[in-house]
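Data first, discussion second: the structure below is written as structure tokens.
Residue numbers start from 1 in every chain, and the chains themselves are labelled A, B, ... in the order their sequence lines are given, proteins ahead of strands. These numbers come from a predicted model, not from an experiment.
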Amino acid sequence: MTDHTPTPAACFDTLPLDAKLLRAVADQGYATMTPIQAKAIPIVLSGRDVMGAAQTGTGKTAAFSIPLLQRMLQHENSSASPARHPVRALVLAPTRELADQVANNVKAYAKHSQLRVACVFGGIDIKPQMEELRRGVEVLIATPGRLLDHIEAKTAALHQVEYVVLDEADRMLDIGFLPDLQRILSYLPKQRQTLLFSATFSTEIKRLAQSYLQDPELVEVARPNATASTVEQRFFSVEDDDKRRAVQYLLRERGITQSIVFVNSKLGAARLARSFERDGLKTAALHGDKSQDERLKSLEAFKRGEVELLVATDVAARGLDIADLPAVFNFDVPFNAEDYVHRIGRTGRAGASGLAFTLVTKSDARLVGDIEKLIKRKLDLEALELEDDRPRRPRSDWERGREEPGRGESRGERGADEGRRAAGPRYAPQAPRDPFFDKPYVAPERTEQPAWEAAPAPTAAPRGATGNIRPKKKVAALFGAKQTAPAAES
DNA sequence: AAAAAAC
């Protein structure tokens with residue numbers, strides 16, 4: 001008896017796809033389908049509505065855009081009015097960056113066809129978008145607000161839409177886009193194919209699907225709340241004041257060339273980015289208080305490898321696809337456990353391995369408990385013992401402001417901590433001793449084998465060797481007995 | 001506690 005060998009992944013060229021699409025897929029370097037593609041593409045080709053649960057980074061965009069393009073190509077010549085080109089496919093996404101990214105993917109798949117793909121979102125001049133729409137667009141990717149602007153300005157005619165995709169639908173509901181979605185969908189023909197993708201199937205999502213999808217087929221590849229097994233998740237107990245140093249320590253310790261540092265507030269992101277920049281790290285910020293132009297520039301610089309750290313709010317948590325991103329930091333524990341899953345989903349994409357480091361302070365105990373419940377895993381906290389041999393700049397006024405008496409609860413603890421710090425001048429400016437801080441930042445080379453894979457393997461993490469990371473403790477042990485009873489109270 | 005989106 002032969003034991004069952006894994007079934008070989010199906011290739012795109014086994015699908016009944018137009019040669020133009022197959023060529024575009026091959027141009028992208030894809031041969032085999034991901035699980036969601038293998039499941040969803042035939043269903044979409046059959047014309048059925050789809051309700052898809054797929055983690056980001058699973059090839060979701062290709063899973064819906066390739067079969068939709070195929071269906072559009074099949075009917076390319078049957079267009080009633082060849083002179084005019086109404087929007088035939090509409091894709092809605094929750095954030096501007098996501099819309100832009102989806103559009104770039106769809107454009108790549110459509111590049112050998114005559115189908116025109118455009119993207120509209122807010123924060124940038126509407127006039128070029130109007131001009132592009134006026135010239136004619138078959139596939140439109142949009143964020144809801146700006147699309148409504150175009151509808152009102154009568155620059156987007158949606159009365160001929162045949163295909164609709166609601167991407168990251170749960171996020172769109174979170175943001176409060178439901179009224180906008182309802183309005184947009186009311187402009188569309190009832191006779192259409194609708195695809196809905198969501199990380200979770202909450203009651204709200206189910207209700208949305210019930211209203212706007214017809215007899216949808218459920219496509220589920222990974223448990224919606226599962227985290228990629230290829231991501232090494234570590235939780236470090238730190239104090240607020242040590243977070244920045246902890247990040248820099250871990251970057252060095254694990255040889256991380258690039259990472260996203262997630263924070264909970266826009267202001268926090270701006271400040272932290274400035275601090276890292278002052279520390280000599282090539283840093284960019286990405287949050288909703290930046291102009292759209294700056295946001296796109298930050299993201300592009302990061303994707304090109306010119307920027308080492310991207311300090312971001314949850315605007316970057318979902319869906320963004322950054323190739324070979326070795327690590328993600330949760331500088332702040334996210335308020336919603338679900339966002340934790342999305343944040344760490346930026347790394348370890350497409351089967352690559354990744355690191356997800358979360359910095360936990362005492363006040364985060366409850367949030368960590370929420371994460372434990374969501375990912376159904378017991379989490380261990382590790383203590384970082386940061387040596388005080390790092391060159392430090394004087395703290396900013398803001399940082400000093402944080403030490404006002406009466407803020408935070410860790411006054412007592414801090415006394416002992418200050419004693420330890422007294423061993424070395426913590427903030428005294430001095431010449432950098434560490435080559436890490438000396439050498440100018442060099443953009444990491446994009447190679448087949450990412451540089452970080454050469455870094456110490458997860459199991460060979462030099463914790464013991466350096467003695468800088470103390471053994472793991474149960475969350476409960478660090479935060480008191482409250483955490484031991486995960487059962488919902490009251 | 002906050003973030004995301006239209007002006």
Checking all strands, does [X] fall into the base, sugar-phosphate, or nothing category for heavy-atom contacts under 4.0 angstrom?
X	value
A:D174	base
A:R171	nothing
A:N264	sugar-phosphate

Could you work out which one of B:dA6, B:dA3, B:dA5 sits closest to the side chain of A:F121?
->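 Of B:dA6, B:dA3, B:dA5, B:dA6 is nearest to the side chain of A:F121.
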N/O (side chain, [X]) to phosphate O (OP1/OP2, [N]) under 4.0 Å:
X	N	value
A:R343	B:dA3	no
A:T313	B:dA4	yes
A:R366	B:dA1	no

In terms of the nearest nucleotide of DNA chain B, which residue is placed more toward the 5' end: A:A316 or A:G123?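 It is A:A316 whose nearest nucleotide is closer to the 5' end.
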In whole angstroms, how far is the [atom2] atom of [N] from the [atom1] atom of [X]?
X	N	atom1	atom2	result
A:D289	B:dA2	CG	P	13 Å
A:I175	B:dA3	CD1	P	13 Å
A:F335	B:dA4	CZ	C1'	14 Å
A:L181	B:dA4	CG	C1'	13 Å
A:H287	B:dA3	NE2	C1'	12 Å
A:E168	B:dA3	CD	P	20 Å
A:L267	B:dA1	CG	C1'	14 Å
A:F177	B:dA6	CZ	C1'	9 Å

### Query
A:E300: what forms a side-chain hydrogen bond (donor to acceptor under 3.5 Å, both in side chains) with it, not counting sequence neighbours?
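Partners of A:E300 under the side-chain hydrogen bond (donor to acceptor under 3.5 Å, both in side chains) test: none.
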Test ring pair (Phe, Tyr, Trp, His ring centres under 6.0 Å), reference A:Y340, set A:F235, A:F262, A:F335, output is A:F235
query: Do the side chain of A:S113 and the main chain of A:A110 share a donor and acceptor less than 3.5 angstrom apart?
result: yes
| query | Looking only at atom types and distance, does a side-chain atom of A:Q37 sit under 3.5 Å from a main-chain N or O of A:K60, one as donor and one as acceptor? | reply |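 It does not hold such a pair.
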- Task: Please confirm whether A:K243 makes a cation-pi placement over A:F331, using NZ or CZ under 6.0 Å from the six-membered ring centre and within 45° of the ring normal.
- Result: yes
Notebook entry, point to check: Is there a donor and acceptor pair, one atom on the side chain of A:N336 and one on the base of B:dA2, closer than 3.5 Å?
Noted result: yes
